[in-house]
Each structure stands twice: as C-alpha cells, then as structure tokens.
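Taking it in order: structure first as structure tokens, then the write-up.
Every number for a ligand or one of its atoms is a count from 1 in the order of the listing.
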Amino acid sequence: MKFGFVGTNFVSEFMLEASNLVDGFELAAVCSRSLENAKAFAKKHNVEYYTDDYKDFLNQDIDAVYLAVPNVLHKDIAIFFLENKIPVFCEKPMASNVDEVKAMIAASRANDTLLAEAIVPVYTQAFKVIKDNLERIGNVRRAVISMGQYSSRYDAYRKGTILNAFKPELSNGSIMDIGIYPLSLAMGLFGKPKSVFANAYLLSSKVDGLGTMILNYSDKEVIIMHSKIVDQLLLSEIQGEDGTIQFDHASIPKKVVLIPRNGEPEVLFEDDQNSLMYYELTAFMDAFKKGLVEVPEVTHQMILDVHTVLTEARRQTGVIFPADL
Ligand SMILES: NC(=O)c1ccc[n+]([C@@H]2O[C@H](COP(=O)([O-])OP(=O)(O)OC[C@H]3O[C@@H](n4cnc5c(N)ncnc54)[C@H](OP(=O)(O)O)[C@@H]3O)[C@@H](O)[C@H]2O)c1
C-alpha cells in the first residue's frame with residue numbers, strides 16, 4: 001500500500017518506524033512546506049517523489065495519505081484528499097473542533113473513502129485486554145485515567161518563546177495534544193458520558209497548560225487529567241466493586257494489572273511491541289484492504305463522540321481557537 005506523508009516532523013518518523021514492522025507498506029511521496037525539508041526527508045527514507053504542495057500528490061500513484069501537520073490544517077487537507085477518493089489517516093486530534101470533524105466524516109461518507117484518526121491507545125492490545133477483563137472487577141464505579149507530560153517545547157515557553165505546541169491559532173494545547181488520549185481510552189471503554197464538567201489552567205498564550213474533566217455516567221464517574229506543563233507519575237486506574245485494573249500509560253499502554261478486592265495482583269498483559277503505532281497502522285491498512293470507510297476499532301461515531309466532549313470541555317474552560325470562530 002503506497003502512502004503519501006504530509007508533514008515531516010518526529011511523528012512522521014515514528015510512523016515510519018512502525019511501518020517497518022508492517023508488511024506491504026511503502027512510503028511513495030513526501031510533502032513539506034519547504035522543498036528542502038521534503039527532499040531531505042525523502043532522501044533519508046529512499047523516496048523518489050517529494051513536493052512542497054500536497055495537491056501534487058494527485059499526480060502520483062498513492063493509495064492513502066498520512067496527515068501529520070498541526071491540528072488546524074487537518075480538516076482542509078483531509079477533505080481535499082477525500083473528495084479525490086484518497087483515504088486519509090489523520091493524526092490525532094482529528095480536527096480543531098467537532099464541527100470540523102463532522103465535515104470530514106461527511107466527506108468520507110459522501111465519497112465512500114476511508115477516514116481514520118491515528119489515536120494510538122485505543123488500537124493497542126493493552127486496550128483490548130482492559131476491555132475484555134472489565135467484567136472481572138464487577139460494577140465499575142470510578143476510573144481515573146490521566147496523562148501528564150512536560151512538553152519538550154515548554155522550556156522555550158518559560159523563556160518567552162511560544163512554539164507551535166502552545167499556539168491557539170494551530171488549535172494546540174493540553175486537552176488537544178494530551179487530553180484526547182485518556183479521553184478516547186475512557187470513551188472507548190465506557191461510551192459517551194451523560195455530561196462533562198471541565199476545569200483547566202490557561203497559559204498566557206490562551207491555550208491550556210493542564211486540565212481535568214469529570215465524565216458523568218449514570219452508574220460511575222470517570223476523571224480525566226491531562227498536562228503539558230508537569231509530568232505525571234501516577235498510574236491510571238479503573239475501580240470496580242470487585243477489584244481494580246491498573247495500567248501504566250494512557251497514550252502508550254503496555255502493562256495491565258488486575259487487583260481483585262482482597263486478592264493478589266495479576267499481570268494481565270505486558271506488551272513487547274516497541275512501536276505501538278504498529279497497531280493503528282495495521283488497523284488502517286486492514287480497513288483499506290476491506291474497502292471500509294471507517295476503522296472498526298475506532299468508528300466515526302466514536303470519533304464524533306470524543307470530539308463532542310473535547311469541544312464542550314474547551315467551551316467550559318474558555319480555550320477558544322480562531323478555528324472555532
Ligand atoms: N501520535 C503521536 O504520538 C503524536 C505525537 C505528537 C504529535 N502528534 C500529532 O501530530 C500532528 C503534528 O504534530 P507535531 O507536534 O509534529 O506538530 P508541528 O511540529 O507543529 O508540525 C508538524 C509538521 O507540520 C508542518 N508545519 C508546522 N507548522 C506549520 C504551519 N504553520 N503550517 C503548515 N505546516 C506546518 C511542519 O512540517 P514541514 O516543515 O515538513 O512542512 C512540521 O514539521 C498533530 O496533529 C499532533 O497532535 C501525534
């Protein structure tokens with residue numbers, strides 16, 4: 001399957017590492033805003049075709065596009081390819097807000113062309129193991145699923161330079177970059193909540209540095225914490241009446257442990273896969289081979305539900321992007 005990559009940052013490199021583990025993957029075209037960057041990336045990965053205009057991909061023999069550029073650009077580029085019947089594997093978050101997500105899904109459906117969100121944790125084996133073992137801990141009453149990662153770009157922010165990761169005009173910030181991982185994982189397990197209550201600490205650039213969401217369900221509450229300005233060392237935990245499931249990471253979950261009430265911990269799963277993007281890439285390629293418009297593991301409805309909550313949480317916390325206006 002021949003891919004065109006739009007964006008040449010480290011996340012594109014991560015995806016290529018994962019692709020080494022997948023049969024039938026070929027990087028066939030590269031696009032960067034700068035022809036120099038595109039050329040360097042293409043040369044590094046032995047790709048003949050490179051360009052500084054993604055529209056040029058239409059002249060190439062490619063089966064799908066992987067989109068790894070700032071969030072604010074996802075919608076227009078994705079819709080361009082979908083309208084030309086080229087499947088799109090779009091980095092998370094799918095778009096700036098839920099209205100954009102709706103437009104992208106509509107374009108996918110109208111053109112009968114695959115569209116998926118590359119949101120690592122919900123494609124993983126660890127996620128499947130958690131889901132399959134939930135009934136063992138009885139009625140789930142609470143989950144605390146969180147991720148906090150001091151951004152490599154926050155040092156610059158503290159010295160007065162605002163890099164992309166903290167720019168509202170690119171639809172970035174903590175809930176978009178980090179919060180979507182625990183939120184998607186929680187909603188993949190428990191579905192759409194009845195309501196959400198959100199809080200956040202806003203930086204002077206007007207994106208959130210960290211925040212919390214409480215998802216209300218009729219029988220449980222799910223607390224989501226996210227941060228780009230402090231590290232989090234806590235495990236995530238799902239608390240049931242008969243036991244607890246703990247896992248190590250909300251974006252790259254690798255180890256899952258079940259602790260029965262009054263019992264001994266049982267390690268349910270430890271992943272030895274180095275690149276967890278392997279799972280999402282495999283799922284996308286399988287869906288392509290089957291001629292689907294969505295990936296069964298992460299349906300369009302689930303993406304829409306997650307982005308409905310994300311957009312509502314931003315509304316409550318005053319994180320407004322130019323793309324929202
Ligand atoms: N799955 C994961 O683990 C993971 C991790 C990090 C990020 N992400 C997601 O991947 C996407 C890219 O994130 P990132 O941190 O790599 O973003 P980024 O550094 O801001 O931008 C990524 C690439 O997009 C291009 N770009 C940057 N600013 C641009 C602008 N103003 N206009 C047009 N193109 C621009 C650049 O590529 P060129 O210079 O080649 O044009 C840049 O290398 C985001 O959606 C992010 O949420 C996913």
ask   = Ignoring hydrogens and geometry, is there a side-chain-to-backbone donor-acceptor pair from His226 to Pro182 under 3.5 Å?
value = no
query = Taking C-beta and beyond as the side chain, do Phe3 and Met285 meet within less than 4.5 Å on heavy atoms?
reply = yes
query = To the nearest 0.1 Å, how far is atom 5 (C) of ligand 1 from its closest protein heavy atom, and which atom is that?
reply = Val11 CG2, 3.9 Å
inquiry  = Out of all atoms in ligand 1, which are within 4.0 Å of some heavy atom of Ala68? Include the element for each.
reply    = 12 (C), 22 (C), 23 (C), 24 (O)
ask   = Does Leu73 approach ligand 1 within less than 4.0 angstrom via side chain, backbone, both or neither, non-hydrogen atoms only?
value = side chain
remark   = Contact region, Phe41 to ligand 1, non-hydrogen atoms below 4.0 Å, reads neither
request  = Look at atom 6 (C) of ligand 1 and say which protein heavy atom is nearest, naming residue and atom and giving the distance to 0.1 Å.
outcome  = Phe10 CZ, 3.8 Å
message = Under 4.0 Å, counting heavy atoms only: does Met15 come that close to any atom of ligand 1?
response = no
query = What is the closest protein heavy atom to atom 48 (C) of ligand 1, and at what distance does it sit?
reply = Glu91 OE1, 3.1 Å
query = atom 42 (C) of ligand 1: which protein heavy atom is closest, and how many Å away?
reply = Asn9 CB, 4.1 Å
query = Judged by atom type as modelled, is there a donor-acceptor pair below 3.5 Å linking the side chain of Ser96 to the main-chain atoms of Ala323?
reply = no
message = Using a 4.0 Å cut-off to any heavy atom of Pro93, which atoms of ligand 1 qualify?
response = 47 (O)
request  = Measure from the ring center of Phe41 to the ring center of Tyr50 and say whether it is less than 6.0 Å.
outcome  = no
query = Looking at the rings of Tyr123 and Phe284, which for Trp means the six-membered one, are their centres under 6.0 Å apart?
reply = no
ask   = Can you tell me the protein heavy atom closest to atom 41 (O) of ligand 1 and the distance?
value = Arg33 N, 2.8 Å
ask   = Is there any N or O on Asn164 that sits under 3.5 Å from an N or O of ligand 1?
value = yes
request  = Classify the contact between Val69 and ligand 1 as side chain, backbone, both or neither, using a heavy-atom distance cut-off of under 4.0 Å.
outcome  = both
remark   = Counting from 1 in the order shown, the ligand 1 atoms closer than 4.0 Å to a non-hydrogen atom of Asn71 are 44 (C), 45 (O), 46 (C), 47 (O)
Within-shell test, His74 vs ligand 1, heavy atom, strictly < 4.0 Å = yes
remark   = protein heavy-atom neighbour closest to atom 47 (O) of ligand 1 works out as Lys92 O, 2.7 Å
task = Determine the sole option in Tyr49, Phe57, Tyr66 for which the ring pair (Phe, Tyr, Trp, His ring centres under 6.0 Å) test with Phe5 is passed.
result = Tyr66
inquiry  = Test ring pair (Phe, Tyr, Trp, His ring centres under 6.0 Å) on Phe288 and Phe89; report intermediate values, then the result.
reply    = CA-CA 10 Å; Phe288 172 79; Phe89 195 27; over 10 Å; no
ask   = Against heavy atoms of Asn37, which atoms of ligand 1 measure under 4.0 Å?
value = 39 (O)
query = Do Lys228 and Tyr154 meet the cation-pi criteria used here (NZ or CZ under 6.0 Å from the six-membered ring centre, within 45° of the axis)?
reply = no
ask   = Between the side chains of Glu17 and Ser275, does any donor sit under 3.5 Å from an acceptor?
value = no
message = To check your reading of the model: name the closest protein heavy atom to atom 15 (O) of ligand 1, its residue, and the distance in Å.
response = Arg153 NH2, 3.2 Å
query = His300 side chain to Val293 main-chain N or O, any donor-acceptor pair under 3.5 Å?
reply = yes
request  = Could you tell me the residue and atom name of the protein heavy atom closest to atom 3 (O) of ligand 1, and the distance to it rounded to 0.1 Å?
outcome  = Tyr181 OH, 3.4 Å
request  = Would you check if there is a donor-acceptor pair between the side chains of Asn216 and Ser195 at a distance under 3.5 Å?
outcome  = yes
inquiry  = Going by the closest heavy atom to atom 24 (O) of ligand 1, which one wins out of Ala38, Gly7, Pro70?
reply    = Pro70
ask   = Counting distance only, does the side-chain N/O of Lys92 pair as donor-acceptor with the main-chain N or O of Asp177 below 3.5 Å?
value = yes
